[in-house]
Amino acid sequence: MPDNIKPLTSVFIALLKSKRGWGFLTINLAQLALYALISSYSAQANDQLAEKVGPGRADSGKELSDSERCQECHGSDGISHDLNVPNHAGQNAGYLIKQLKDFQSGDRIHDTMNRMAEDLSETDRVDIAAYFAGQPVMQGTGSTSKSYVRNLFENGNPDRQLKPCTQCHGPNGKGMLHDAMEVPVIGGQKRAYLRRQLANWKSGERQNSPDGLMNKIAHLLTDQEIEDLADYISGL
């Protein structure tokens, strides 16, 4: 993150940790402001990348994702046939680019994906992301009958300072559909994958979200809430 962004980020993080913050700025507004700040930085990074390698060629990404065997696990249409492998259909391109880069750098650890990403160029990452992002967005087939889960997803739990999932991932978990945001589509994602990622965020095994926000959020969830949220979100 650029030096001119870091001081502002520190201020907003301090506000999030404060019980009172500024008189007119609640914790909710502070977190929204932090995401706006991250979004602004992401927009700058995406613009710079687009200038360097172009906006992404889906036709090239289709061929590359086939030859590099991405489609073997994630499906030719971005819908995985393995319960443990995530869908990529309609996923935010900026998010996919970041994950491939993180796998390549080691900021995100996965034995298979670290090997698959190691030889990809910037252009390769952008093209592959463009292909999967252009597929019809993933859809679930139904949701849990547990009534409290929808409320947790949509409204969070203010008493525990637990923010609603929709605040960042959008209505029905379909992501923040704006190029400046890298917040992923989660609605319709594989249940087992969602459960594992939430557990990994909570344990600290995964730590590649901006300023560790997902680690902080997942740490507030009980194991049962992780199970139920994974079930609910996968059905959206």
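No experiment lies behind these values; they were computed from the predicted model shown. Positions are given from 1, in the same order as the sequence printed here.
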Trainee: State whether Lys146 and Glu225 are salt-bridged, where the test is any N-O pair (Lys NZ or Arg NE/NH1/NH2 against Asp/Glu carboxylate O) under 4.0 Å.
Mentor: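 Not counted as a salt bridge, because no side-chain N and carboxylate O are separated by less than 4.0 Å.
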
Trainee: Quick one: does Asn87's side chain have a donor or acceptor within less than 3.5 Å of a partner on Gly188's backbone?
Mentor: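 Yes, the answer is positive, given that a donor and an acceptor are paired below the 3.5 Å cut-off.
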
Trainee: Would you check if the side chain of Glu182 reaches a backbone N or O of Asn92 as a donor-acceptor pair within less than 3.5 Å?
Mentor: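 No: the side chain of Glu182 does not pair with the backbone of Asn92.
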
Trainee: How long is the straight-line distance from CD1 of Ile226 back to CZ of Arg196, given to the nearest 0.5 Å?
Mentor: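 Here the rounded value is 13.0 Å.
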
Trainee: Looking at Asn172 and Leu236, would you say the former's side chain and the latter's main chain have a donor-acceptor pair under 3.5 Å?
Mentor: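 Such a contact is absent between Asn172 side chain and Leu236 backbone.
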
Trainee: List the steps and the verdict of salt bridge (charged side-chain N to carboxylate O under 4.0 Å, His left out) for Arg57 and Glu63.
Mentor: CA-CA 10 Å; Arg57 299 170 299 167; Glu63 294 179 6; over 6 Å; no

Trainee: Does Asp82 reach the main-chain N or O of Asn84 with its side chain, forming a donor-acceptor pair under 3.5 Å?
Mentor: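 Yes.
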
Trainee: Under 4.5 Å between any side-chain heavy atoms of Ile128 and Leu96, yes or no?
Mentor: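 No, too far: nothing below the 4.5 Å cut-off.
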
Trainee: Taking atom types as modelled and ignoring hydrogens, do the side chains of Gln71 and Ser65 form a donor-acceptor contact shorter than 3.5 angstrom?
Mentor: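 Result is yes, a qualifying pair exists.
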
Trainee: Quick one: CD1 on Ile97 to CD on Glu122, what's the gap to the nearest 0.5 Å?
Mentor: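 Nearest 0.5 Å value for the CD1-CD distance: 9.5 Å.
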
Trainee: Considering non-hydrogen atoms only, spot the tightest contact between Gln139 and Val137 and give its length.
Mentor: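 Residues Gln139 and Val137, closest heavy atoms: NE2-CG1, 3.2 Å.
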
Trainee: For Asp124 and Ser121, which I'm curious about, is there any donor-acceptor pair between the side chains at under 3.5 Å?
Mentor: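 Checked: Asp124/Ser121 side chains pair up, N/O donor to acceptor below 3.5 Å.
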
Trainee: Cluster question for you: counting only ILVMFWY and a side-chain heavy-atom cut-off of under 4.5 Å, with indirect links fine, are Met214 and Ile109 together?
Mentor: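 No, separate clusters.
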
Trainee: Among Lys174, His169, Gln197, Met138, which residue meets the side chain to side chain contact (heavy atoms under 4.5 Å, CB included) test with Ile186?
Mentor: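 Going through the options one by one, the only one that passes is His169.
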
Trainee: Give a yes or no on whether the backbone of Gln91 and the side-chain of His88 come within a donor-acceptor separation of less than 3.5 Å.
Mentor: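 No: the side chain of His88 does not pair with the backbone of Gln91.
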
Trainee: Using 0.5 Å steps for rounding, measure from the CG atom of Asn215 to the CD atom of Glu205.
Mentor: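 Going from the CG atom of Asn215 to the CD atom of Glu205 covers 11.0 Å.
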
Trainee: Do you reckon Tyr193 sits in the same ILVMFWY cluster as Ile233, going by side-chain contacts under 4.5 Å, direct or chained?
Mentor: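 No.
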
Trainee: Closest heavy-atom contact between Phe132 and Gly75?
Mentor: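 So the two residues come closest at CE2-O, 3.6 Å.
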
Trainee: Counting neighbours of CZ on Arg69 that are heavy atoms of other residues, nucleotides or ligands and sit closer than 6.0 Å, is the number greater than 12?
Mentor: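 It does not: Arg69 CZ has 12 such atoms or fewer within range.
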
Trainee: Looking only at heavy atoms, what is the nearest atom pair of Tyr232 and Glu154, with distance?
Mentor: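 That closest heavy-atom pairing would be OH-OE2, 4.3 Å.
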
Trainee: Can you find a heavy atom in the side chain of Thr166 that is under 4.5 Å from one in the side chain of Phe153?
Mentor: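 SC-SC contact between Thr166 and Phe153 confirmed.
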
Trainee: Between Asp231 and Val149, is any pair of side-chain heavy atoms under 4.5 Å apart?
Mentor: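 Sidechains of Val149 and Asp231: no contact.
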
Trainee: Go through the side-chain N and O atoms of Asp107 and Asn208 and say whether any donor and acceptor fall under 3.5 Å apart.
Mentor: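 On atom types as modelled, these side chains do not qualify, holding no pair under 3.5 Å.
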
Trainee: Please report the shortest heavy-atom distance between Ala129 and Ala93, naming the atom on each side.
Mentor: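 Distance-wise, the nearest heavy atoms are CB-O, 3.6 Å.
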
Trainee: Using side-chain heavy atoms (C-beta onward) and a distance below 4.5 Å, is Leu198 in contact with Arg195?
Mentor: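 Side chain of Leu198 against side chain of Arg195, heavy atoms only: no contact under 4.5 Å found.
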
Trainee: Applying the 4.5 Å side-chain criterion to the ILVMFWY set and letting contacts propagate, would Trp201 and Leu152 be lumped into a single cluster?
Mentor: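 Yes, Trp201 connects to Leu152 through the hydrophobic network.
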
Trainee: Hey, are Lys98 and Asp102 close enough for a salt bridge, meaning a charged N less than 4.0 Å from a carboxylate O?
Mentor: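 Result for this pair is yes, salt bridge flagged.
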
Trainee: Would you kindly say whether Glu118 and Asn114 are connected by a side-chain donor-acceptor distance under 3.5 Å?
Mentor: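 There is no such pair between these side chains.
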
Trainee: Is the count of non-hydrogen atoms from other residues, nucleotides or ligands lying under 6.0 Å from Lys190 atom NZ greater than 12?
Mentor: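 More than 12 heavy atoms, drawn from other residues, nucleotides or ligands, come within 6.0 Å of this atom.
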
Trainee: Are the side chains of Phe103 and Leu120 in touch, meaning some heavy atoms are under 4.5 Å apart?
Mentor: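 With C-beta onward as the side chain, the pair stays apart.
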
Trainee: If you take all heavy atoms of Cys70 and Met116, which pair is closest and at what distance?
Mentor: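 So the minimum-distance heavy-atom pair works out to N-CE, 4.5 Å.
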
Trainee: Would you say the side chain of Arg191 lies within less than 4.5 Å of the side chain of Glu227, judging by non-hydrogen atoms?
Mentor: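 Counting from C-beta outward, Glu227 and Arg191 do come under 4.5 Å.
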
Trainee: Report yes or no: do Tyr131 and Asp59 form a side-chain donor-acceptor pair below 3.5 Å?
Mentor: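 Not at all, the side chains of Tyr131 and Asp59 share no donor-acceptor pair under 3.5 Å.
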
Trainee: Tell me whether Ser60 contacts the main-chain N or O of Asp127 through its side chain, where contact means a donor paired with an acceptor under 3.5 Å.
Mentor: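 Answer holds: no.
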
Trainee: Under the 3.5 angstrom rule, does the side chain of Gln189 hit a backbone N or O of Leu194 as a donor-acceptor pair?
Mentor: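 No; zero donor-acceptor contacts below 3.5 Å.
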
Trainee: Using a distance-only test with no angle check, is there a side-chain donor-acceptor pair under 3.5 angstrom linking Arg108 and Gln207?
Mentor: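 Looking only at side-chain atoms, Gln207 and Arg108 do not form any donor-acceptor pair under 3.5 Å.
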
Trainee: Do the side chains of Lys202 and Asp223 get close enough for a salt bridge, i.e. N-O under 4.0 angstrom?
Mentor: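 Asp223 and Lys202: salt-bridged.
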
Trainee: Would you say Lys163's side chain and Gly156's backbone share a donor-acceptor pair under 3.5 angstrom?
Mentor: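 The answer is no, because no donor-acceptor pair under 3.5 Å joins these two groups.
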
Trainee: Once you round to the nearest 0.5 Å, how far does CZ of Arg115 lie from NE2 of His110?
Mentor: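 The CZ atom of Arg115 sits 9.0 Å away from the NE2 atom of His110.
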
Trainee: State the CZ-CD distance between Arg125 and Gln99, to the nearest 0.5 angstrom.
Mentor: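 The CD atom of Gln99 is 12.0 Å from CZ of Arg125, to the nearest 0.5 Å.
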
Trainee: Restricting to non-hydrogen atoms, name the atom on Ala89 and the atom on Pro136 that form the minimum distance, rounded to 0.1 Å.
Mentor: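 Heavy atoms only, the tightest pair is CB-O, 3.2 Å.
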
